Amino acid sequence: MKVRIPVLALTAAAVLLLAACGGGSDGGSTTCGNYQGLDTSGQLTAVTQMIKSHGGDTSAGNVGLTEMSADAYCAVHPASAVISGIYQG
């Protein structure tokens with residue numbers, strides 16, 4: 001449990017550093033409700049599309065961190081929130 005807090009903090013910091021602009025298109029327009037209803041493959045696709053739409057790095061490590069950030073974001077935001085909200089804090 002103690003490991004999760006630093007990991008989430010590091011994930012959030014990484015996403016903020018990689019954020020080039022707010023808003024979203026492609027995968028970033030996916031709502032949290034839809035995102036949480038996707039299987040793992042669908043979530044990875046949505047996150048990868050969102051990263052690409054922001055001109056980010058789509059390496060496996062970055063996609064994994066961004067997916068964790070989207071999971072954390074959607075855990076505390078309404079189902080109508082879009083996952084690109086992670087870029088806005």
Side-chain angles (χ1 to χ4, degrees):
M1 185 71 167
K2 290 182 181 182
V3 175
R4 284 187 175 191
I5 293 172
V7 169
L8 287 176
L10 180 61
T11 300
V15 168
L16 290 174
L17 288 172
L18 295 171
C21 59
S25 62
D26 300 319
S29 61
T30 302
T31 65
C32 284
N34 288 339
Y35 176 80
Q36 290 173 324
L38 295 172
D39 61 13
T40 302
S41 176
Q43 289 179 345
L44 286 172
T45 298
V47 166
T48 301
Q49 288 175 346
M50 178 179 67
I51 293 169
K52 285 180 181 178
S53 74
H54 286 284
D57 172 21
T58 57
S59 66
N62 189 47
V63 171
L65 286 173
T66 306
E67 183 183 17
M68 287 173 49
S69 295
D71 290 341
Y73 179 84
C74 289
V76 296
H77 286 83
S80 60
V82 292
I83 63 171
S84 62
I86 64 173
Y87 289 108
Q88 298 166 346

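Here the structure is a predicted model, which means the values were calculated and not measured.
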Interatomic distance, OG1@T30 vs CG@L38, rounded to 0.5 Å, equals 7.0 Å
Between Q36 and Q43, the two heavy atoms sitting closest are CA-NE2, 4.0 Å
Ignoring hydrogens and geometry beyond distance, is a side-chain donor-acceptor pair present between S41 and D39 at under 3.5 Å?
no
Separation between OG1 (T58) and CD1 (I51), nearest 0.5 Å, reads 7.0 Å
Rounded to the nearest 0.5 angstrom, the CE-CD1 distance for M68 and I86 is 11.5 Å
Please say yes or no: joined through hydrophobic side-chain contacts below 4.5 Å, possibly via intermediate residues, are L44 and V82 part of one cluster?
no
Residues C74 and I83: closest non-hydrogen pair is SG-CG2, 3.7 Å
Value for NE2 (H54) from OG1 (T66), rounded to nearest 0.5 Å, stands at 10.0 Å
Identify whether M50 and Y73 are in the same connected component of the hydrophobic contact network (ILVMFWY, side-chain heavy atoms under 4.5 Å). yes
Note: C32 and P78 closest approach over all heavy atoms is CB-O, 3.7 Å
Indicate whether the side chain of N34 and that of T31 have a donor and an acceptor atom separated by less than 3.5 Å.
yes
